[in-house]
Number of protein chains: 2
Amino acid sequence: MSAKIQRIAEVDRLIHEPARLMIVAVLDSVEEADFQYLHLTTGLTKGNLSVHLSRLEEAGYVAISKTFRGKYPLTVCRLTDTGAQKLADYRKLLKVAL
Amino acid sequence: MSAKIQRIAEVDRLIHEPARLMIVAVLDSVEEADFQYLHLTTGLTKGNLSVHLSRLEEAGYVAISKTFRGKYPLTVCRLTDTGAQKLADYRKLLKVAL
DNA sequence: TAGACTAGTTTGTGACATAGACTAGTCTGC
DNA sequence: GCAGACTAGTCTATGTCACAAACTAGTCTA
């Protein structure tokens, strides 16, 4: 019992944060999304989204490639294998603990 | 889809925090626990536990009564109806969103 | 060529989780 | 009877981090 409860303390804080959880959940379902799409679907402000994406990229959960759509910059994000695994782990942990 | 995703942003941060999630999960299963029991089952430091309990009490999620066990102070905690409802909501939200 | 727009990044602020230091009182050995 | 160890918590200083507003950089359009 207490062992199961204490598993909660080991939760991946990077994914646990609601803003980032939304991002990885979206990316998990579409497998590729640009900044604008994420901005719309998550409802996060651009600043917020930018920071969280950077964090997820640093951690290797999300791969970000910067190209152009016509003449405008385009930021395309997709979940890495690591990220997908971490999300799966997160889901499993919550299912067991709650 | 994006509506469902954005529900995540509305998650109850008070319960979402792992330390407090452990506390309410324990209280939900036993319905009454003293400080020491929570200290042991959650693995939180006493300082940490004290602060989180205060927060949960302020929010009306947890009722705290202070008495004595023999000559020593005794802090007994239990989940209020509000707290139990909030935990149920939290579980439902995660189930739907993930 | 000025103003509005696209697409994002940087940064200042405030909130908050955490654990170590502290308070208050009780027991125990000398 | 009093010094040190212990019980049971609370207080507080620190660092981290989420958030959004301000900013950068470039493009369109009238």
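In this structure, A/P73 and A/N48 both approach DNA chain C, and ranking their closest nucleotides by distance from the 5' end singles out A/P73. Between A/R13 and B/F35, it is B/F35 whose nearest contact on DNA chain D lies nearer the 5' terminus. Each of A/G47 and A/Y72 was matched to the nucleotide of DNA chain D holding its nearest heavy atom; the match closer to the 5' end belongs to A/G47.
Here B/H52 lies in heavy-atom contact (under 4.0 Å) with sugar-phosphate atoms only. Residue contacts for B/L44: at a heavy-atom cut-off of 4.0 Å it reaches no nucleic acid atom on any strand shown. Across all strands shown, B/L49 has no heavy atoms under 4.0 Å from either base or sugar-phosphate atoms.
Using N1 to N3 plus N6-O4 or O6-N4 for Watson-Crick, or N1-O2 and O6-N3 for G-U wobble, each under 3.5 Å, D/dA21 pairs with C/dT10. Across all strands shown, C/dA2 is found opposite D/dT29 as a Watson-Crick or G-U wobble partner, with both distances under 3.5 Å.
A/S54 contributes a side-chain N or O that, together with a main-chain N or O of A/S50, makes up a donor-acceptor pair within less than 3.5 Å. Of the possible donor and acceptor atoms, one in the side chain of B/H39 sits under 3.5 Å from a partner among the backbone N and O of B/L44.
The side chain of A/K66 contributes an N or O atom lying less than 4.0 Å from OP1 or OP2 of C/dT9. For C/dG8, one of the phosphate oxygens OP1 or OP2 lies less than 4.0 angstrom from a side-chain nitrogen or oxygen of A/Q36. Contact check, A/S50 against C/dG8: no side-chain N or O comes under 4.0 Å of OP1 or OP2. For D/dC19, neither phosphate oxygen OP1 nor OP2 lies less than 4.0 angstrom from any side-chain nitrogen or oxygen of A/R55.
For the pair B/F68 CZ and D/dT7 P, the interatomic distance rounds to 17 Å; values are reported in whole Å. Here C/dG8 presents its P atom at 12 Å from CG of A/L40, a figure rounded to the nearest Å. If you measure from atom CE of B/M22 to atom P of C/dA17, you get 12 Å, rounded to the nearest angstrom. The distance from atom CZ of A/R69 to atom P of D/dT27 is 15 Å, rounded to the nearest whole Å.
Of the residues listed (A/K92, A/R91, A/Q85), the one engaging A/D89 in a side chain to side chain donor-acceptor pair (under 3.5 Å) is A/Q85, and it is the only one. If you run side chain to side chain contact (heavy atoms under 4.5 Å, CB included) between B/H52 and each of B/V62, B/T42, B/I23, only B/I23 comes through.
For B/T45, taking side-chain heavy atoms from C-beta onward, the closest of the listed nucleotides D/dA18, D/dT10, C/dA19 is C/dA19. The side chain of A/K46 has C/dG8 as its nearest neighbour among C/dT18, C/dT11, C/dG8. With D/dA18, C/dG25, C/dA7 as the candidates, the nucleotide lying closest to the side chain of A/E17 is D/dA18.
Put simply, CG on B/L21 and NE2 on A/H16 are 6.5 Å apart, with the number rounded to the nearest 0.5 Å.
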